[in-house]
Chemist: 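One structure follows; several queries about it will come next.
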Amino acid sequence: MILLGLVLVGGAGWLLTDTVARSQTEVLQEFDTRAEVSAAVIASALGANDAKTREFCEAAFAGTAAEMARTDYRAQFDVPEYAIITGDGKLLYGTPASFAARAAGWVSNPGFQDAKRTGKLAWGDIMTDRSDPMVNAFQPFATPGGTRMLVLTTRVRDVTSVAAGALKATGTTAYLIDANERVLVAPDATPAGTVMPDAGLLSVLRADKAVETGDRYVAARAVSGSSWRIVTTASKATVLQSVRSTARVGWVLFAAFTAAIITILFVGAVVLTGASRLAHARLHDTLTELPGRALFMQQAEEVLAEQRRRGRTSVAALFLDLDGFKPVNDTYGHSTGDALLKQVAQRLRAGVRGHDLVCRFGGDEFLVLCSDLESPADVDAVAGHILKSLSEPYEIDGRTVTIGTSIGIAVPADPAQPAGALFHDADVALYQAKEAGRGRIVHFRAAPASAPA
C-alpha cells in the first residue's frame, strides 16, 4: 500500500504538472484526473482490509450458526452489529436480532451485488434510518459449504476520514455520494445521508469524464469496491487560472503529497492494527488472553528443541484441572464461571516463573511448561505454589467462591520426546491425581514393560 501511494504521487504529479503547458482542451482532462486519482486513493483504502478480513472470516465463520454464536466479535470489529449470510443472501447468523431482521433487503444492496460479482470487500449505500449514519460492508469468503459473506454495519464517519482528505486535496468543491445520491462526505456542513444539495450536478452524476455545465466544469468518478461516486466541480475561470499559473505546480505537489500521506496513515492505522488484532485473536484464548493451543504447542516445541541443543532435559509439563469448577458454573451461571477462569489465569501467570509457558487448554484445563529446572524439586515447588494459589478463595460479583486443583506432572522420557507426547503423559498423571481423590499432585510413571512369555 505504501508503494501504491508512491505510485499515485508520482503518476499524479507527473500528469498534472505536464498539463500546465497544455491547451485549454487538456485543462479539462487535467480537471477530470483529479477526480480519478481521488477515487483511486479512496478505493485502495476501502479495500485495504480485504485479504486480512477474508482470512479471519474463513477461520471464524465456516461453521454452523450455533458455532458462530459462541463468540461475539462486535467489540473486535468495533461495530454495533454484524451478520453472516450465504452467497445468495440467506441469513445464517446475525447479532443483534434487530440487525438480522434486515437480511431480506441485503440482496438488493449495491454493496452485496458488487461483492458477489467481484468476490472482494464492497461497501453499500448510506443508511438514513439511524441517528448515526451507517453503511454496510460486505466481505465474501470461501467455506467448504460454499461462499458466504460477512455483513458489517460501520459508522460513516469511521470510513470516510480518508475520503475527506482525498476530496480536499482535489482543490475543488467535491462530494462523495452513494447510488441514491445521498451525501457521505460534503465540502460544507451538509449532514451525511442528505440528498446532494447541488441540484445542478445531478444531471452529470453518471458521466465518466469531465463535462461543462453552465460556467463550471464537473467531473464524476465511480469508487471501485463500493456504490459510491466522487463529484467535483469548479468554475472555468478558476480551473484555467490555476492550470496556467506557477502556483499550480505547488498545488499539484501538495495535493499529491497530501493524498500519499492520507493513504499511508490510513493503511497503517487500519491494516496494521486490524492485522495485529486478528493475529492475536487467532493465537490467544479470547477469554483469558492466554496463548491458545496452537501457539502454546509451537512455543513448547521451540523450548524442547533449545533444551536438546544445549544437551539438557530440565523441563517439566504440568496439566491442571480445576476441582469444583462445574458446580460453580452450574450454580451461578456462565458469567461467573468466565470471571472465575479469568482470575485463575491471572493467578497462574503470577504463580509461575517469568520464562515458564502457560496455556488454557480448554474448558477448565490449563497447561504449564517449566524449563531450565535446576533440580526435580523445582517443579514440585512450582506445582505446590500453583495448588496453594488456585485454592485460595475468589471474590466474584460479591460472592466468595472456592475451588481446588489437581495437577499431573511429566518430564521427558527421552531427549527426543515431542511436546505432544510429553503433555499426554502429564494428562495421564492428571487422571491418576483425580482418581486418587483430587487436590493432588501426581508425577507420571511409565507402566513397566511386560515380561516375555
Chemist: Determine whether the side chains of E374 and S314 contain a donor N or O and an acceptor N or O closer than 3.5 Å.
Modeler: no
Chemist: Quick check: do L322 and V344 have side-chain heavy atoms less than 4.5 Å from each other?
Modeler: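 L322 vs V344: side chains touch.
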Chemist: Taking side chain to side chain donor-acceptor pair (under 3.5 Å) as the test, write out the residues that go with D50, two or more places apart.
Modeler: R54, Q139
Chemist: Under 4.0 Å between a side-chain nitrogen and a carboxylate oxygen: does that hold for R74 and D72?
Modeler: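 Judged by the 4.0 Å cut-off on N to carboxylate O distance, R74 and D72 do form a salt bridge.
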Chemist: Heavy-atom count around H334 NE2 within 6.0 Å, excluding the residue itself: above 12?
Modeler: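 Atom NE2 in H334 is not crowded, with 12 or fewer foreign heavy atoms closer than 6.0 Å.
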Chemist: Using the test side chain to side chain donor-acceptor pair (under 3.5 Å), find all partners of D321 that sit at least two apart in sequence or belong to another chain.
Modeler: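 Here the qualifying residues are K434.
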Chemist: Are Y73 and F61, when compared by the centres of their aromatic rings, separated by less than 6.0 Å?
Modeler: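 For Y73 and F61, the ring centres are under 6.0 Å apart.
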Chemist: Can you run down the salt bridge (charged side-chain N to carboxylate O under 4.0 Å, His left out) pairs that involve residues 392-401, sequence neighbours left out, and say none if there aren't any?
Modeler: K388-E392
Chemist: Determine whether more than 12 heavy atoms belonging to other residues, nucleotides or ligands lie under 6.0 Å from atom OH of Y431.
Modeler: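 Atom OH in Y431 is not packed in, count stays at 12 or less.
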Chemist: One thing to verify: whether K326 and D330 come together as a salt bridge, which I'm taking to mean a side-chain N less than 4.0 angstrom from a carboxylate O.
Modeler: yes
Chemist: Are any of the side-chain nitrogens in D114 or K120 under 4.0 Å away from the carboxylate oxygens of its partner?
Modeler: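 So D114 does not pair with K120 through a salt bridge.
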Chemist: Using the rule side-chain contact (heavy atoms from CB on, under 4.5 Å), only one of V358, I441, L320 pairs with I386; which is it?
Modeler: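 Testing each of V358, I441, L320 against I386, the sole residue satisfying side-chain contact (heavy atoms from CB on, under 4.5 Å) is L320.
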Chemist: Taking atom OH of Y332 as the centre, report whether more than 12 heavy atoms of other residues, nucleotides or ligands fall under 6.0 Å from it.
Modeler: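 Result for OH/Y332: open.
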Chemist: Are F319 and F444 an aromatic pair, judged by ring center distance below 6.0 Å?
Modeler: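 No, the ring centres sit 6.0 Å or more apart.
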Chemist: Using the ring-ring contact (aromatic ring centres under 6.0 Å, His included) definition, which of the options Y82, F141, F77 pairs with F56?
Modeler: F77
Chemist: Does E302 offer a backbone N or O that forms a donor-acceptor pair with the side chain of E306 under 3.5 Å?
Modeler: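 No; judged by distance alone, with no hydrogens or angles, the pair does not exist.
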